[in-house]
Amino acid sequence: MKKQIEQLVWAALQRLAANGVIPQEAVSAPKIERTRDPKHGDFATNTAMMLAKPARKNPRELAQALLEALPASDLLERCDIAGPGFINFTLTTTAYHRLIPTILAKSHAYGRSDLGDGKRVQVEFVSANPTGPLHVGHGRGAAYGSVVADLLEAVGFNVHREYYVNDAGRQMDILATSIWLRYLELCDETLTFPANGYKGDYVWDIAATLHRDHGEAYKQSAEAVFDGIPADEPDGGDKEVHIDALINQAKRLLGDNRYRYVFELGLNTILDDIRDDLSLFGVNYDEWYSERSLTESGAVNKAIERLRASNRLYEKEGALWFRSTDFGDEKDRVVVRDNGQTTYFASDIAYHIDKLERGFDRVIDVWGADHHGYIPRVKAALQALGDDPSKLDVLLVQFAILYRGGEKVQMSTRSGRFVTLRALRKEVGADAARFFYVMRKCEQHMDFDLDLAKSESNDNPVYYVQYAHARICSVFQQAAEQRILFESDPKAVNYARLNESHEQSLLTSLAKYPEILETAALNEEPHQLTHYLRELANDFHTYYNAHKFLIDDAELRNARLHLILATRQVVRNGLNLLGVSAPGKM
RNA sequence: GUCCCAGUAGCUCAGUAGGAUAGAGCGUCUCCCUCCUAAGGAGAAAGUCGGGGGUUCGAAUCCUCUCUGGGACGCCA
């Protein structure tokens with residue numbers, strides 16, 4: 001509907017420009033918006049006020065000229081000039097009534113568009129290190145990223161969903177070593193577990209698998225393992241030095257093959273768990289991209305060589321630095337450490353080059369807000385290599401801070417004290433969790449009150465929206481049970497009978513849906529959709545309380561039933577995009 | 001110290017590519033089930049949009065200064 005008005009105003013502007021009323025160069029796409037107050041009609045534009053200055057005319061006069069140039073349309077009931085020069089458009093009720101059969105015909109496709117023109121967009125999200133189960137912080141990125149991806153797809157982008165698997169690097173070595181030490185404990189060895197090791201129960205589980213499958217084939221005495229290892233932090237040492245020494249010891253004592261086996265066992269077990277967890281959360285990927293593959297394919301070295309060739313690298317204190325300050329970063333960054341190992345940043349450069357080489361028109365990274373300092377250096381690297389950094393958009397998701405009993409819940413993967421996404425899902429359900437997560441703008445800090453989320457109270461807006469859907473289903477259930485006749489052809493219904501104000505506001509809300517999808521998708525703001533659904537549900541519940549649908553007047557009954565059928569379709573479409581179920585019964 | 005985010009009703013938050021009288025939910029206070037699910041609805045009270053300047057026909061929205069809170073600033077990943 002909005003688009004149609006836009007086209008009308010655009011045509012009028014062209015006509016005025018052709019007649020020399022306004023300068024051609026001042027003409028731009030008119031801004032049409034929904035009015036807040038129904039007294040102002042359905043849509044309004046401030047175009048006349050915007051053009052008043054370049055046209056050297058009084059805004060109201062210009063508005064009048066614009067109205068006279070407006071092509072005729074059966075969409076419009078009337079157009080008025082109001083206030084300082086607004087033009088208000090009031091649509092005919094038939095325009096709204098026509099919406100019902102349109103929605104029912106389009107069904108699940110109602111609201112979708114081809115705005116994105118099939119452009120290829122990659123959305124990378126979650127990408128948590130596979131060193132432990134996902135926790136509730138990852139959950140927000142998962143819900144947000146997947147809804148953004150779905151929204152973009154709904155407005156016509158070709159979307160590729162990707163998880164970057166950090167399957168190389170020191171954290172993974174720490175995990176492998178932690179598993180092995182727990183395994184030794186299962187072999188009745190007595191040892192002091194390192195302060196910096198992974199202490200979660202899942203580490204015990206993986207160690208138990210190793211013990212069950214291989215008995216004591218991986219056993220070494222605790223004395224041998226800790227021989228010559230510098231002190232841990234509680235004993236006055238450095239925990240980082242301590243754990244690094246233990247990693248080296250594990251590699252030496254186990255040998256390459258056996259160490260690799262433990263490492264892979266840990267990686268695969270946890271990755272499987274993450275895959276399973278996300279899939280049960282309604283989050284699915286097109287690709288799981290391995291960090292290690294970048295090293296193995298030589299992509300990391302190639303990226304470093306390219307930087308070297310473009311003269312952006314220098315050596316200092318034994319390390320190799322990238323001069324990111326040339327591109328606005330605060331300080332230069334290391335790509336190869338003094339011990340010869342490439343940094344995580346080096347892999348990330350290679351990864352982002354690879355993303356652009358794969359031909360995406362746009363690349364979206366969903367990161368935790370703690371990574372914000374990381375953006376300039378990645379963009380700097382892309383720029384240094386002649387890529388277009390504006391193709392990369394990084395969306396930062398603020399942490400969800402958990403509260404339990406009014407107290408902040410401390411989280412740390414390493415210590416094993418965290419609330420997993422899996423636990424949250426089991427407690428509050430995937431529907432409520434997803435809805436909650438995307439209810440807030442991503443850059444907004446979020447207080448996630450576990451007690452509130454756990455209590456299945458009616459405070460939870462997801463129930464409110466789902467209830468609207470279930471209620472409509474229930475009406476049709478009743479109609480069937482009472483053998484009430486229902487005209488099955490939406491085109492054979494007399495919608496002119498819908499003249500209650502409740503019906504009008506419900507129709508207005510239904511008409512807004514495509515507009516909401518568009519702005520929610522283009523601004524990467526899923527919360528707009530959750531708010532919209534709440535309003536739509538509110539319109540329906542109000543209507544439900546004010547009027548009865550299963551009435552004797554067959555003509556009116558059919559009109560009303562089709563209206564709520566269309567409403568159900570839109571509620572269902574919206575919930576579906578959020579990855580939330582639309583139950584037929586509650 | 002530098003950077004990022006936030007500050008709107010008692011609480012949690014929408015609204016910000018400038019638009020008409022700033023909106024919801026929760027909480028509080030009144031009402032509504034012989035009626036398609038009361039997990040609902042109707043109504044009321046509640047605001048110096050952190051503060052000061054500026055830009056203009058018009059500012060919660062843009063600029064500037066300032067106050068307050070949260071976070072980030074490794075040859076970690």
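So that the names make sense, note that chain A is the first sequence line, chain B the second, and so on, each numbered from 1.
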Legend entry - Heavy-atom side-chain proximity of A/L517 to A/L529 below 4.5 angstrom: yes

Legend entry - For B/rG43, the Watson-Crick or wobble counterpart (both distances under 3.5 Å): B/rC29

Inset, instruction - Once you apply the 3.5 Å cut-off to both distances, tell me the Watson-Crick or G-U wobble partner of B/rA17, or none. - result: none

Inset, instruction - Decide, applying a 5.5 Å centre-distance limit and a 30° plane-angle limit (both strict), whether A/Y464 stacks on B/rA39. - result: no

Inset, instruction - Taking only the side-chain heavy atoms of A/A44 (C-beta and beyond), determine which of B/rA14, B/rA77, B/rA20 contains the nearest atom. - result: B/rA20

Inset, instruction - Determine the interplanar angle of the A/H371 and A/W367 rings, folded into 0 to 90°, and report it as parallel if under 30°, tilted if 30 to 60°, perpendicular if over 60°. - result: tilted

Legend entry - For atom NE2 of A/H547 and atom P of B/rA42, their distance in whole Å: 12 Å

Inset, instruction - Check whether the ring centres of A/F486 and A/F476 lie less than 6.0 Å apart, and answer yes or no. - result: yes

Inset, instruction - Report which part of the nucleic acid A/N339 touches: base, sugar-phosphate, or nothing (heavy-atom distance under 4.0 Å, all strands). - result: nothing

Inset, instruction - Please work out if A/S474 contacts a base, only the sugar-phosphate, or nothing of the nucleic acid, heavy-atom cut-off 4.0 Å. - result: base

Inset, instruction - Counting Watson-Crick and G-U wobble pairs only, both distances under 3.5 Å, name the nucleotide matched with B/rC49, or none. - result: none

Inset, instruction - If B/rC3 has a Watson-Crick or G-U wobble mate with both distances under 3.5 Å, name it; if not, just say none. - result: B/rG71

Inset, instruction - Kindly point out which of B/rG19, B/rU12, B/rC75 is positioned nearest to the side chain of A/M50? - result: B/rG19

Inset, instruction - Please determine if a side-chain N or O atom of A/R337 lies less than 4.0 Å away from the OP1 or OP2 oxygen of B/rC76. - result: yes

Inset, instruction - Figure out the OH/C1' separation between A/Y532 and B/rA24, and round it to whole Å. - result: 16 Å

Legend entry - OP1 or OP2 of B/rG41 under 4.0 Å from side-chain N/O of A/N538: yes

Inset, instruction - State whether A/R471 places a side-chain N or O below 4.0 Å from either non-bridging phosphate oxygen (OP1 or OP2) of B/rA38. - result: yes

Inset, instruction - Look at all strands and tell whether A/R534 reaches a base, only sugar-phosphate, or nothing, counting heavy atoms closer than 4.0 Å. - result: sugar-phosphate

Legend entry - Distance in angstrom units between A/R323 CZ and B/rC75 P, rounded: 16 Å

Legend entry - A/Y344 over B/rC76, stacked by centroid distance under 5.5 Å, angle under 30°: no

Inset, instruction - For B/rC31 versus B/rG69, give the span between their C1' atoms, rounded off to a whole number of Å. - result: 41 Å

Inset, instruction - Please state the C1' separation for the pair B/rC36 and B/rA24 - nearest whole angstrom. - result: 27 Å

Legend entry - Value in whole Å for how far the P atom of B/rC3 lies from CG of A/L396: 17 Å

Legend entry - Donor/acceptor link under 3.5 angstrom from A/E317 side chain onto base of B/rC75: yes

Inset, instruction - Describe the nucleic acid contact of A/H371 in one word from base, sugar-phosphate, nothing, applying a heavy-atom distance below 4.0 Å. - result: base

Inset, instruction - Let me know the distance between NZ of A/K441 and C1' of B/rU16, rounded to the nearest Å. - result: 8 Å

Inset, instruction - Quick one: label A/A470 by what it contacts on the DNA or RNA (base, sugar-phosphate, nothing), any heavy atom closer than 4.0 Å. - result: base

Inset, instruction - Quick one: label A/A319 by what it contacts on the DNA or RNA (base, sugar-phosphate, nothing), any heavy atom closer than 4.0 Å. - result: base

Inset, instruction - Would you classify A/N46 as touching base, sugar-phosphate or nothing, given that sugar-phosphate means primed atoms plus P, OP1 and OP2, and contacts are heavy atoms under 4.0 Å? - result: base

Inset, instruction - Tell me what A/H541 touches on the nucleic acid: a base, only sugar-phosphate, or nothing, going by heavy atoms under 4.0 Å. - result: sugar-phosphate

Inset, instruction - With C1' as the reference atom in both, quote the distance from B/rG43 to B/rG7 in angstrom, rounded to an integer. - result: 32 Å

Inset, instruction - Write down the distance between CD (A/E240) and P (B/rC75), rounded to a whole number of angstrom. - result: 13 Å

Inset, instruction - Specify the separation, in whole Å, of atom NE2 of A/H502 and atom P of B/rG40. - result: 17 Å

Inset, instruction - Confirm from the modelled atom types if A/N88 and B/rA20 form a donor-acceptor pair under 3.5 Å, side chain to base only. - result: yes

Inset, instruction - Could you say whether A/F345 or A/H531 is positioned toward the 5' end of RNA chain B, judged by the nucleotide with the nearest heavy atom to each? - result: A/H531

Inset, instruction - Under 4.0 Å between any heavy atoms, over every strand shown, what does A/F476 touch: base, sugar-phosphate, or nothing? Just pick one. - result: nothing

Legend entry - Nearest-Å distance once atom P is located in both B/rG10 and B/rA46: 11 Å

Legend entry - Near-ring test A/Y164/A/Y351, centroid separation under 6.0 angstrom: yes

Legend entry - Candidates B/rG40, B/rA77, B/rC36 - which lies nearest the side chain of A/K548: B/rC36

Inset, instruction - Consider the side chain of A/E291, meaning its heavy atoms from C-beta on, and name the nucleotide among B/rG15, B/rC36, B/rA77 that approaches it most closely. - result: B/rA77

Inset, instruction - Determine the contact category for A/D370: base if any of its heavy atoms lies under 4.0 Å from a base atom, sugar-phosphate if only primed atoms, P, OP1 or OP2 are that close, otherwise nothing. - result: sugar-phosphate

Inset, instruction - Answer yes or no: are there more than 12 heavy-atom neighbours, outside A/N339 itself, under 6.0 Å from its atom CG? - result: yes

Inset, instruction - Please confirm whether A/Y289 and A/Y163 have ring centers closer than 6.0 angstrom. - result: no

Legend entry - Least distance between heavy atoms, A/L151 atom then A/A521 atom: O-CB, 3.6 Å

Inset, instruction - Report the residue (A/M439 or A/T542) whose heavy-atom-nearest nucleotide on RNA chain B is the more 5′ of the two. - result: A/M439

Inset, instruction - Would you classify A/A479 as touching base, sugar-phosphate or nothing, given that sugar-phosphate means primed atoms plus P, OP1 and OP2, and contacts are heavy atoms under 4.0 Å? - result: nothing

Legend entry - Distance, P atom - from B/rA6 to B/rA14, rounded to whole angstrom: 9 Å

Inset, instruction - Answer with base, sugar-phosphate or nothing: what part of the nucleic acid does A/M172 contact at a heavy-atom distance below 4.0 Å? - result: nothing

Inset, instruction - Using side chain to side chain contact (heavy atoms under 4.5 Å, CB included) as the criterion, point out the one residue from A/I247, A/L267, A/N129 that pairs with A/M172. - result: A/L267

Legend entry - Distance between P atoms of B/rA17 and B/rU55 (Å, rounded): 22 Å

Legend entry - A/E33 vs A/T45, side chain to side chain donor-acceptor pair (under 3.5 Å): CA-CA, chis, key distance, verdict: CA-CA 6 Å; A/E33 33 184 41; A/T45 183; over 6 Å; no

Legend entry - Closest to the A/Q171 side chain, choosing from B/rC76, B/rA20, B/rC36: B/rC76

Legend entry - A/H372 side-chain proximity, nearest of B/rG19, B/rA72, B/rC36: B/rA72

Inset, instruction - Check the chi torsion on B/rC63 and let me know: syn if it falls within 90° of 0, anti if not. - result: anti

Legend entry - Base of B/rG40 paired with side chain of A/N545 (donor-acceptor, under 3.5 Å): yes

Inset, instruction - May I ask you to verify whether the side chain of A/K331 and the base of B/rU2 hold a donor-acceptor pair under 3.5 Å? - result: no

Inset, instruction - Rounded off to whole Å, could you give me the CZ-to-P distance for the A/R170 and B/rG74 pair? - result: 15 Å

